[in-house]
Amino acid sequence: MRMRQLEAFRATILNGTISSAAKSLKTTQPTISRLLADLEYSLQLNLLHRRKGRVVPTPEGMAFYRKLDEVFDAFSKLKNAAEDISRNKQQDIRIISLGALSVSIIPEILEEFTANHPKVSITLNTTDVKSYFNMIMDEDLDIAFGNQMGEQPGVEQAILAKVDYICALSPNHPLAEKDVIFEEDLIGERLIALDSDEVLAFHQHTDLYKRIKPETPFSTQHSANAYSLVCKGLCSGILEPFSAPVWAAKGVKIRPFKPSISYKYSAYYKENRKDSWVIRELLEIASKKFKRYEKAEQLTEIFDQ
């Protein structure tokens, strides 16, 4: 029993005729017929019925095909593993993320990853929201990190965490005396508006602002812009928590906000890369890192490190 015989048998079952099997394997019909005959002889089994140009598996042939399909599935995984080993040997990984993550939590993820793989070269790029999904489809990309968005064909999504947003206050803001900021505390305050579009929507912010009717002299879709405006005392904001430790060091006061405003964050990668060791390890590390930011109250522990 040889691999070429097994390929011929599988192709015949999948295509229904010997001639179609020959085309799929880029060989001739007599070659397929000979391979099938040799396989039946070596197994001492009648695998196929020949009926008017078509072939139908016998019960024994169907049972053998089911086991054979398991072998080919294992072979496919082995091939992917070999590609991963080769890719690891090349020591080159490509990652993209949305802006706030690339200067906050992504370095945390890569710090642990590179400690395990010090010789791996990593390219990290930041992209805007509208370009995000187009870049995910890039064959050379390994993984992307960002807000949870819509599904894309051929792309897997792994939800990493549902993260509470925090209230960011200027260094001398009177509300900084409070341990927790509540919705009613912000009625009539100057708050930064977060831009929504057809891809990235901040529905909970929109609903909050309808209720408390704040002044919104500024709007942005970029976290660094928002934190910078807060730091200058121009407004306050309900912002993502990943950048909070950096801006707390600059004097911005970070407080939990109630009732919680939470958004999901995900990793995206090509479906055909889901068995990659790179993806598995990055997802494991990322899930652990993101979960540290799930509850606003946990940020105190992060600041203290």
Side-chain angles (χ1 to χ4, degrees), residues 1-96 123 131-144 149-159 266-283:
M1 184 172 61
R2 294 182 288 111
M3 190 65 182
R4 191 62 174 167
Q5 295 169 352
L6 299 177
E7 289 175 340
F9 176 67
R10 185 169 183 267
T12 302
I13 296 295
L14 292 174
N15 289 278
T17 67
I18 291 176
S19 60
S20 296
K23 288 180 181 178
S24 71
L25 294 179
K26 294 180 174 58
T27 188
T28 64
Q29 186 172 338
T31 298
I32 296 295
S33 296
R34 177 176 54 77
L35 289 168
L36 293 174
D38 290 345
L39 179 62
E40 289 180 313
Y41 179 79
S42 67
L43 296 175
Q44 293 297 295
L45 288 173
N46 181 21
L47 300 176
L48 299 166
H49 293 303
R50 279 77 171 175
R51 296 177 181 172
K52 297 180 180 179
R54 297 189 64 82
V55 288
V56 179
T58 63
E60 295 85 357
M62 200 64 224
F64 183 73
Y65 172 75
R66 291 193 188 99
K67 291 296 182 182
L68 180 62
D69 217 34
E70 293 176 10
V71 171
F72 271 83
D73 183 55
F75 181 76
S76 177
K77 289 180 180 178
L78 186 62
K79 182 181 177 183
N80 289 338
E83 290 174 354
D84 283 341
I85 292 170
S86 176
R87 190 178 181 88
N88 187 26
K89 186 177 179 181
Q90 294 170 8
Q91 302 177 334
D92 184 19
I93 296 172
R94 287 190 61 212
I95 299 172
I96 63 167
T123 300
S131 302
Y132 188 66
F133 273 134
N134 290 334
M135 293 186 71
I136 289 173
M137 302 306 291
D138 186 338
E139 287 292 340
D140 292 330
L141 182 72
D142 286 283
I143 197 166
M149 300 184 217
E151 295 183 359
Q152 286 283 87
V155 175
E156 294 279 338
Q157 176 183 180
I159 297 175
S266 298
Y268 295 87
Y269 50 92
K270 296 294 291 296
E271 194 174 57
N272 60 8
R273 298 278 292 135
K274 62 184 177 183
D275 294 322
S276 162
W277 72 270
V278 171
I279 301 302
R280 289 195 303 270
E281 187 161 341
L282 284 171
L283 286 178

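As a basis for the values below, the full set of heavy atoms in this structure was taken, side chains included, without hydrogen atoms, waters or symmetry mates.
- The shortest heavy-atom contact between His49 and Asn46 is CE1-ND2, 4.2 Å.
- With a 4.5 Å cut-off on side-chain heavy atoms, Ile13 and Leu68 do not count as touching.
- Summarising the geometry, atom NZ belonging to Lys270 is positioned 13.5 Å from atom CD1 belonging to Ile143; distances are rounded to the nearest 0.5 Å.
- Screening Leu47, Leu35, Ile32 for a side chain to side chain contact (heavy atoms under 4.5 Å, CB included) with Phe9, the sole residue that qualifies is Leu47.
- Atom-to-atom distance recorded for Thr31:OG1 and Arg4:CZ is 8.5 Å, nearest 0.5 angstrom.
- Atom CE of Met1 and atom OG of Ser42 lie 6.5 Å apart (nearest 0.5 Å).
- The shortest non-hydrogen separation linking Arg54 to Asn15 is NH2-O, 4.5 Å.
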**Study point:** Stepwise side chain to side chain contact (heavy atoms under 4.5 Å, CB included) test for Thr58 and Phe64
**Key:** CA-CA 10 Å; Thr58 63; Phe64 183 73; over 6 Å; no
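- Asp142 CG to Thr123 OG1: the interatomic distance, rounded to the nearest 0.5 Å, is 9.5 Å.
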**Study point:** Verdict with supporting geometry, Leu283 and Tyr269, side chain to side chain contact (heavy atoms under 4.5 Å, CB included)
**Key:** CA-CA 10 Å; Leu283 286 178; Tyr269 50 92; 3.7 Å; yes
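- Looking only at side-chain heavy atoms (C-beta outward), Leu43 and Gln5 stay at 4.5 Å or farther from each other.
- Pairs passing the ring pair (Phe, Tyr, Trp, His ring centres under 6.0 Å) check and including a residue from residues 10-31, sequence neighbours excluded, do not occur.
- What you find for Ser24 and Ala21 is that their closest heavy atoms are OG-O, 2.8 Å.
- Distance check: Gln29 CD to Thr27 OG1 gives 10.5 Å after rounding to the nearest 0.5 Å.
- Between Glu7 and Arg10 there is no salt bridge, since no side-chain N of the basic residue sits under 4.0 Å from a carboxylate O of the acidic one.
- Side-chain contact check for Ser33 versus Leu36: every heavy-atom pair is 4.5 Å or farther apart.
- The main-chain N or O of Leu48 is found under 3.5 Å from a side-chain atom of Arg50 such that the two form a donor-acceptor pair.
- Looking at every heavy atom in both residues, Ile18 comes nearest to Thr12 through CG1-CG2, 4.3 Å.
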